[in-house]
> 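Got a structure here, written out as structure tokens. Questions coming.
Just so we're on the same page: letters track the sequence lines, and every chain starts at 1.
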Amino acid sequence: MRNRSLLVLTAIAATGTLTLTACGSRASNSGSGGSGSGSTTVTIGVDAPLTGSLSALGIGIQNSVDLAVKTANKTNEVPGVTFKIEALDDKAAPQQGSLNATQLVGDSSVVGVVGPLNSGVALTMQKTFNNANLVEVSPANTNPALTQGPNWQTGTKARPFASYFRTATTDAIQGPFAAQFAFSTLGKKKVFLVDNKDAYGVGLVGTFKDEFTKLGGTVAGQDHVTSGASDFSSTVNAIKSSGADFVYFGGEYPDAAPLTKQLKAQGVNIPMIGGDGNYDPTYIKLAGTASNGDFATSVGAPVESLPSAQTFVANYKAGGYSQAYGAYGGYSYDSAWAIIEAVKAVVSANNGKLPSDPRQAVEKAMSNVNFSGVTGTVSFDQYGDATNKQLTVYGVKNGVWTTIKTGTFSG
Amino acid sequence: MTDTLQIRPEAAAAPKPAIPLPTAAARAVTAAGAVLTAASAFLSWTYSSQFPGDLTVTGYPGGLQWITFTGGLLTLLYLLVGYGAPGLRGLAPGGAEGTTVILAVGAAATTWFTLIAISVELGGLANLTTGGWVAGVASLLAVAGALGLPRDGQHPQGNRLGVLLYPGKRPELRPAEPMPAVLEVGVVLLTLAAALGVFAYGVDTSYAELFAGFLILTGFAAWALNRSGDFARLGEIMQRHRVLASVGAFVAAGLFPFTQTGGSAEANANLGVSILIFAATALGLNIVVGLAGLLDLGYVAFLGVGAYTAALVSGAAGTAFNVQFPFWAAALLGAVVSGIFGVLLGAPTLRVRGDYLAIVTLGFGEIFRIVVQNLDGTSGPNVTNGAIGISNVPDLNILGFDFGSAHSFGPFSIGRFANYFELMLLFTAIIVLVFSRSANSRIGRAWVAIREDETAATAMGINGFRFKLLAFALGATLAGLAGTVFVHVNYSIVPDTFQFAGPTPPNSAFLLAAVVIGGMGTVSGPLVGASLFFLLQAKLSFLHDYQLLLFGLTLILFMRFRPEGIIPNRRRQLEFHESQTEGGQEGPTPELRTAEA
Amino acid sequence: MTDTTTATVDNAPAPGTPLLQASNVVMRFGGLTAVNDVSLTVNTGEIIGLIGPNGAGKTTFFNCLTGLYVPTEGTVTYKGATLPPKPHKVTQAGMARTFQNIRLFHNMTVLENVLVGRHTRTKEGLLSAILRGPGYRREEAESRAKAMEYLDFVGLADKAGSLARNLPYGEQRKLEVARALASEPGLLLLDEPTAGMNPQETRATEELVFAVRDRGIAVLVIEHDMRFIFNLCDRVAVLVQGRKLVEGDAATVQGDERVVAAYLGTPYEADADSTTADDSTTPEENQ
Amino acid sequence: MHELPQNLVNGLLLGATYGLIAVGYTIVYGIVQLINFAHGEIFMTGAFGALSVYLGLGSGTSMWIAIPLMLLGAIVTSTVIAVLTERLAYRPLRNAPRLAPLITAIGVSITLQQLVWGFYPSAKSPRVFPSLPGGPFHIGGVLIQSADIFVVVAAVLSTLFLAYFVRATRTGRAMQATAQDPDTAKLMGINTDRVIVIAFALGAGFAGIAGVAWGLRYGEIKFDMGFLTGLYAFTAAVLGGIGNIYGAMLGGLVLGLVQNLTAIYIADIPGMSQFSSQSWSSVWAFVILILVLMVRPQGLLGERVADRA
């Protein structure tokens, strides 16, 4: 009878799918089996935009971490422990970051995560990692609030998440450093501030402004632009009539380049100083000759002046990666290496064996990590920020970035 | 009841099978193929365990082999139905032969997908073992046999879709006699369990290949069950037990986190809650788009209004107002504020011209993000903390239940995201209730009337402006409501989330797609559309660079070829129930309004 | 006297009371005068016909009566009150209409179409629809009962569950009448109700109109079909080129030479003329 | 002072570009009542078409030869794409419910944007656009770039051409007739399909010119430049009175001025200083749109048209 058969069908479908569910797990188990006997395999997670507009930066991060892991395995950096990476694509979207964070937390072999690139993504990940005591080291987040709490500017610094670290230098260092450079080295006293309303730009301009006025400089005017806009003529006019002798720009080169171009086209030949968001060859390409005389600060010493950095560049080349390591390659390598160092410390403290749940121990060990990395000495202060405060000013001369000055921020 | 319908209206004489075989031989070939296909899943398909799922094991299936196995069994099942096997007759009221063809092709598709994936990823056909070849050949054998089966169903002439129509269309079905109530209840429960199982399996697929294989087979199976008439039968039964079915569906959904165990449980619960937020928001949009026929292209901004409102009164550090509302008050406030924005935006726009709304909402979506970015204390009053966003939004605590930590219920333990999943499920239930009840009321009829023909609706005494504004504001309110949960799930909120077309849901374009692709004007359409859409983009991340492109093309193609979406217009069901008192407002069909020309 | 009671025979007002009064209505579009100084009165219990060649301004005049247009000059009153300038308020006031080219809600069922017609006579809002209290259930049940009654009246009760667009042409016309009746009007305006019908269907429509009148509802019909009009109407007004030519009973109008001339004298021109006055309204209607 | 003349000039130049794009919205909307969301992308593809021509010419070519060819490339690219989308995406939906073509338009918009993003070489970041030689010129304290002169010439010539086309050609009059009453136009023997294609092509041609103007003025073009610009241009069309060609130009100029002046002069209004920055200018444009819809829905030059909804 037809009615009964419907029941039969449903029963079959139900049991079939439930069986499938039950058995679907073999894949993930066997996937992480890894190599070698007697050696524990742990995973370093990577979260970065591997696709989309920012994929060049994200893939650079992934490859650099991969290089760190391969190097550690080759040199047997932590005896008895083999590292592997698991890279997840966050598409530069906070929602995806949240999903990735839970996934990495769920994989018990993950002992630390490198990433993310975007601070908006970091906001959704931090707490999930923190709840699981899983260390997260960002090579790129620069907003001070991530480590020092939302009220850092008013002086009440409070670390919100003990598991969050970063090798990137915060805006709180880069902005003031640029202010000192402009005021003392260049002798410019009147600034016009522009930011592009993204977290990075706003943060940078804020810290620059504080330091610059403290030094005795004056702010001739300030404007904010919408990221992605093309017509900056109102901003240019405001700058022109303000009588400022230079422009400080917080943001990235896609906005900075047309601004400096339109500025010079209007006959306002004052330099633009920006952060590491401007320090990119594309800036010069887009702005053309208008970029000559502009400056950008960037974190760390120039690659050619640090032997460790040169090794990294050479190894990266030898690694055969198809994409460049990008702006955050060095920091990513150092971030991964910091995790490896922490694991090493944990293992040696535990009689040469990795504890079964090493996450909390790794988190503790992070604060004592201290090694000479690609970007200089890597260690973390009480907020989880990098202690490395070395910065470099680059200037555009004849269409190329050239090193102007390397220094350490103090104060 | 007057039965004006025919079981098989004058269909053209069924065409001949593609492969001329005696029926018995065709059945035998199909059966052999199907059995072999299923059996081949127990063999090793490849040498290397490099391919995800480890298909090297002989003795039991793994990963994608399970999909092939299921495909083979389903083919066999419907072949037996067509053969008239005892106890199975009537399983395919719309015809078993066409169904068998679809399933055989589906099984072959997944199998060959797997084989090709192995060859491509591991580099060459040499990576396939004999077992793999057996599977491939067997699945093709089943297809060949199925193509020799006599053809049933309706075969309309001269359609462009060509090969897609080979299985024929399902004939109109006479409603079946009701079964004993106990049996029917059993069927309802089992159906829900099966749906939960399929969904949970799909969410839990841990690598893209498995998800793709799963999707292929699920797609073909859904087509087959629609063709066989089983969906129609199930629909009838569900209709008879409407309350049980809808309550049961929510209970089944609520059980989802409990089906998730192990390390990926929280990740899957997070995926689940994200899908729910996306789906619930899409359902709210469906009131605006599907019922009232208004195009809202900045809908995610209303989600944002709700989310920011909730974040501002959540007591998160660093917000402009240092207050902490209880969640019910925050949720209500978020919904109301969002609704007010809806009215402010709709009032000047809807009065003018319907299609201005589309561009005004598109503008609003962009402006919302820009305004939120600017309200940071330097380029505007500090309300939203600008681009840095509001972080560290505290977890909810309702009546002592802390959403931030894991809870155990007997042998089960569910974590933070599962807690929020259950909360969001409740919100979804509310939104479903609001949607379906308002749709089947004087208000909903007025909306649909406006959508169908505004002049005629006005002539029936409907105040077009007022009802359009009502729909728009209600949609905004529901999105705001969803937003209040959204912000807590994600701990934080930043302006960049609220884009017209961004990389991940929710954004306005994806919401619209979930509605359009799922089925405008239906309850289940946006839910299915949203789940499918979310899983697609989450699981097949290698497609991400082409995601928006595919998405744009999908919109165009759907509007061109299937404007009613994937959930078929169940209007026809109504024709069986002429005393029917309640019926959902189903989506528009590609009607040509030539009468007016 | 309330609106609702006009629907039933028992409480029908005495025939002869003026229901709709249009006085000196003028409607201009830019330089074109589509309706020029037309006056017309419809009394309770009457069936009034409005005829005229294509382009005579019938539909424009009709639209002035239904609130789609506000007349450039002149006034329209219903039950002594000036007609509100919005179509939905006109319906609320008690005038319902059908359309020349049937405008049903195609993707709604037959019953739902009639339920939409009940819109002005029900008042449950969104909140009560969501909460579904007893008041809502009662009103909804009552609405459905009434709707079924109207469907029964036009002979479509057995098609209540079908989609409106699946109905044959003649039945779609009937449904439009049922939908209009559902708003419990005192006056029903029919815009070419027999367009495209065969003689039998026309006969049936005739009877339907009489039946409507017998329920105490006055009817104003626009039509091309002379025979239909003259069989049906108590009085007939003839519009030609925006002006009212004659008004009177069937015999008077039929006997008037000017009417004959208007209909026979300008057949081709009338067709070409359709682009001016009458059809200038179509873009608004057609969207 | 904030150099008012310079700001006025800048606003008008920006507005002229908006106007060129707005013409496309207004023509198409006037005839088929479709908001062609993809029109902003048509503008963008025009710019990329021009860039392709420039790159194909080789670096030694004089700009005086390159510019006409680039214009041609832009116009051809945008026109072909616009006509194709009309033919493939919109025409099959001519009689569909009104929501269908709108959703399709969204789909077309995203598809075009993604095609350029994904398949045009190096279009994932902004691409450098060539600049015009000569300039800048000082005219009464106002600095004018040579690209600015191009914008003015292009806008004036285009408007004149359009005025001539609509008034004096058969096709132009057919377009007007179709816009006023498509059904009657059909009865009168006008091939409405053809008129619609011409409307799309014409609008696209202007968008192509606008694309070149944009590239020359700002020196770079990017795949997503059509989205917001298209939104502004549509606002300009509504502002001027949709369906009215001169209105589109006027609306563009007004909107350009609004964007440029609000960014500076709102600060002079007491209490509003925080709302005066470039980042607020798009918000002000949107506020203007809402205000226009409230106060004068038919736009500056529009006649009252009954709501066709």
> Can you sort out the partners of T235(D) under side chain to side chain contact (heavy atoms under 4.5 Å, CB included), two or more places apart, ordered by chain and number?
L255(D), L289(D)

> Is the number of heavy atoms from other residues, nucleotides or ligands under 6.0 Å of K124(D) NZ greater than 12?
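Enclosed: over 12 neighbouring heavy atoms sit under 6.0 Å from NZ of K124(D).
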
> Given that the side chain runs from C-beta out, which part of V516(B) has a heavy atom under 4.5 Å from chain D: side chain, backbone, both or neither?
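Looking at V516(B), just its side chain touches chain D.
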
> Please report the C-alpha distance between M44(D) and T229(D) in whole Å, then the side-chain angles of each, then the deciding distance to 0.1 Å, and finally whether the side-chain contact (heavy atoms from CB on, under 4.5 Å) criterion is met.
CA-CA 9 Å; M44(D) 177 269 296; T229(D) 314; over 6 Å; no

> Anything under 30° is parallel, anything over 60° is perpendicular, the rest tilted; go ahead and classify F533(B) against F551(B).
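The arrangement is perpendicular - the two ring planes meet at more than 60°.
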
> Applying the side-chain contact (heavy atoms from CB on, under 4.5 Å) test to I288(D), which of T262(D), L293(D), V258(D) qualifies?
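It is V258(D); the other options fail the test.
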
> Residue by residue, scan residues 106-115 of chain D and write down, ordered by number, those that have a heavy-atom distance under 4.5 Å to chain B; if none do, write 'none'.
I106(D), G107(D), V108(D), I110(D), T111(D), Q114(D), L115(D)

> Under a 4.5 Å heavy-atom cut-off, does chain D meet the side chain of F558(B), its backbone, both or neither?
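Contact with chain D is absent: no heavy atom of F558(B) under 4.5 Å.
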
> Taking the side chain from T349(B) and the backbone from L357(B), do they hold a donor-acceptor pair closer than 3.5 Å?
no

> Taking every heavy-atom pair that is under 4.5 Å apart, which of A501(B), A513(B), G380(B), A347(B) has the most such pairs with chain D?
G380(B)

> Only pairs of heavy atoms separated by less than 4.5 Å count here; which of I450(B), V289(B), L345(B), L362(B) has the most with chain D?
L362(B)

> Is it the side chain or the backbone of Y232(D) that comes within 4.5 Å of chain B heavy atoms, both, or neither?
neither

> Can you tell me how far CE of M520(B) sits from CG of L285(B), rounded to the nearest 0.5 angstrom?
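L285(B) CG to M520(B) CE: 10.0 Å, rounded to 0.5 Å.
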
> Among L291(D), V295(D), T104(D), which has the most heavy-atom pairs under 4.5 Å with chain B?
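Looking at each of L291(D), V295(D), T104(D) in turn, T104(D) comes out on top.
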
> Under 4.5 Å heavy-atom distance to chain B, tell me which part of I103(D) shows up: side chain, backbone, both or neither.
both

> For chain B, which candidate among A285(D), S279(D), G118(D), A89(D) shows the most heavy-atom pairs at distances under 4.5 Å?
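Option with the top pair count is S279(D).
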
> T554(B): what forms a side chain to side chain donor-acceptor pair (under 3.5 Å) with it, not counting sequence neighbours?
none

> In terms of heavy-atom proximity below 4.5 Å to chain D, should L557(B) be classed as side chain, backbone, both, or neither?
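Contact with chain D is absent: no heavy atom of L557(B) under 4.5 Å.
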
> Sequence neighbours excluded, which residues qualify as side chain to side chain donor-acceptor pair (under 3.5 Å) partners of D193(D)?
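Partners of D193(D) by the side chain to side chain donor-acceptor pair (under 3.5 Å) criterion, ordered by chain and then number, come out as R94(D).
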
> So for T378(B), is it side chain, backbone, both, or neither that comes closer than 4.5 Å to the heavy atoms of chain D?
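T378(B) touches chain D through backbone heavy atoms alone.
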
> Please indicate whether F498(B) has more than 12 foreign heavy atoms, meaning atoms of other residues, nucleotides or ligands, lying under 6.0 Å from its CZ.
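Counting other residues, nucleotides and ligands, CZ of F498(B) exceeds 12 neighbours.
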
> Relative to each other, are the rings of Y308(B) and F368(B) parallel, tilted or perpendicular (30° and 60° limits)?
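If you compare the ring of Y308(B) with that of F368(B), the planes turn out perpendicular.
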
> Select one option (side chain, backbone, both, neither) describing which atoms of L102(D) are under 4.5 Å from chain B's heavy atoms.
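Both backbone and side chain.
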
> Over 60° means perpendicular and under 30° means parallel, so classify the ring planes of Y25(D) and H39(D), tilted if in between.
perpendicular

> Which one of I359(B), L555(B), I370(B), L553(B) has the most heavy-atom pairs closer than 4.5 Å to chain D?
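Most pairs with chain D among the choices: I359(B).
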
> Measure distances from A509(B) to the heavy atoms of chain D and classify the residue's part below 4.5 Å as side chain, backbone, both or neither.
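Contact with chain D is through the side chain of A509(B) alone.
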
